[in-house]
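For reference, the structure discussed in these notes is given below.
All of these numbers come straight from a predicted model, not from anything done at the bench.
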Amino acid sequence: MSDDLEGSFERVRRLAEAAGLPETAVGTSYGTPALLVKGKSFVRMKDAETLVVMCALDEKEMLMELDPSLFFETDHYKGWPAMLVRLAAIDDETLTQRLIAAWREKAPERLARRFGSPAR
């Protein structure tokens, strides 16, 4: 794995850990570093500059419209509950919010309830 990819992923891993996301593990998805909850990937590196984040389709459309400098998709992700995040452009607080939301998308309902209700 390249140093750039490793460094970018380390930031994502550190923020997820600081958020206290239960039962999160480091793994791989499609050959790149990923974070998993109960064996299901909720974020993965696409490349050193881009993170794939699981996201409900309606939320994805809204976020991409609100801030296309941070959130986007390629044709590959159209109609799929995941969006791409420009890591160099997103601040830690916003990235942490996206990590928590992605974790909630993939965590079993009982585990998500134990983590607390989402901030709105």
Side-chain angles (χ1 to χ4, degrees):
M1 180 175 3
S2 77
D3 289 344
D4 289 347
L5 189 65
E6 186 64 44
S8 294
F9 183 68
E10 179 56 27
R11 175 186 175 210
V12 172
R13 190 205 58 72
R14 182 177 40 79
L15 292 174
E17 188 176 298
L21 299 175
E23 303 200 33
T24 295
V26 173
T28 59
S29 180
Y30 298 97
T32 62
L35 292 177
L36 301 92
V37 57
K38 293 283 198 177
K40 292 182 178 179
S41 171
F42 63 96
V43 296
R44 76 170 187 90
M45 297 301 298
K46 182 177 187 313
D47 54 48
E49 293 84 37
T50 315
L51 187 67
V52 180
V53 179
M54 300 310 291
C55 183
L57 286 171
D58 56 344
E59 186 178 27
K60 169 181 161 176
E61 296 301 326
M62 178 193 68
L63 288 166
M64 289 189 316
E65 194 172 305
L66 283 174
D67 200 341
S69 68
L70 296 182
F71 309 113
F72 68 107
E73 69 182 349
T74 59
D75 286 345
H76 179 79
Y77 292 96
K78 287 193 187 311
W80 190 253
M83 68 180 170
L84 302 175
V85 176
R86 291 179 177 91
L87 284 171
I90 194 168
D91 63 64
D92 284 357
E93 183 180 343
T94 305
L95 181 53
T96 297
Q97 291 171 351
R98 290 293 94 223
L99 294 173
I100 292 168
W103 180 90
R104 287 186 180 286
E105 281 292 309
K106 288 299 182 175
E109 195 175 321
R110 289 175 70 177
L111 182 60
R113 274 200 312 266
R114 277 203 332 250
F115 183 61
S117 55
R120 295 270 181 221

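When side chains are defined from C-beta on, L84 counts as touching V52, because their heavy atoms get closer than 4.5 Å. A heavy-atom distance below 4.5 Å is not found between the side chains of L99 and V53. Side-chain contact between M54 and W80 is present, with at least one heavy-atom pair separated by less than 4.5 Å. At least one side-chain heavy atom of R114 sits under 4.5 Å from a side-chain heavy atom of E23.
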Intermediate values then yes/no, side-chain contact (heavy atoms from CB on, under 4.5 Å), D67 and R86:
CA-CA 11 Å; D67 200 341; R86 291 179 177 91; over 6 Å; no

Hey, mind stepping through R11 and I90 against side-chain contact (heavy atoms from CB on, under 4.5 Å) and telling me if it holds?
CA-CA 12 Å; R11 175 186 175 210; I90 194 168; 4.1 Å; yes

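The two residues S8 and A48 have their closest heavy-atom pair at OG-O, 2.6 Å. Here the closest non-hydrogen pair linking A89 and S69 is CB-O, 3.8 Å. Of all non-hydrogen atoms in A19 and T96, the two that sit nearest each other are CB-CG2, 4.0 Å. Heavy-atom minimum distance, L63 versus C55: CD1-SG, 4.3 Å.
K60 has no carboxylate O lying under 4.0 Å from a charged side-chain N of E105, or vice versa, which leaves the two without a salt bridge. With salt bridges taken as basic N to acidic carboxylate O contacts below 4.0 Å, one links R13 and E10.
Transitive grouping of hydrophobic side chains (ILVMFWY, heavy atoms separated by less than 4.5 Å) brings F71 and M62 into a common cluster. Both V26 and V37 belong to a single network of hydrophobic side chains, linked directly or stepwise wherever heavy atoms of I, L, V, M, F, W or Y lie under 4.5 Å apart. Clustering ILVMFWY residues whenever any of their side-chain heavy atoms sit less than 4.5 angstrom apart, transitively, puts L66 in the very cluster that holds M83. The cluster map of Ile, Leu, Val, Met, Phe, Trp and Tyr, joined by side-chain heavy atoms under 4.5 Å apart, puts V43 and L36 in different clusters.
Note that R104 lies outside the cation-pi zone of F115, set by a 6.0 Å cut-off to the ring centre and a 45° limit from the axis.
Rounding to the nearest 0.5 angstrom, the gap separating the CZ atom in R110 from the CZ atom in R113 is 7.0 Å. Note that CZ of R14 and CG of L95 are 9.5 Å apart. Values are rounded to the nearest 0.5 Å. With values rounded to the nearest 0.5 angstrom, K46 atom NZ is found 5.5 Å from Y77 atom OH.
L51 pairs in a side-chain contact (heavy atoms from CB on, under 4.5 Å) with only one of the listed residues (L87, L35, T32), which is L87.
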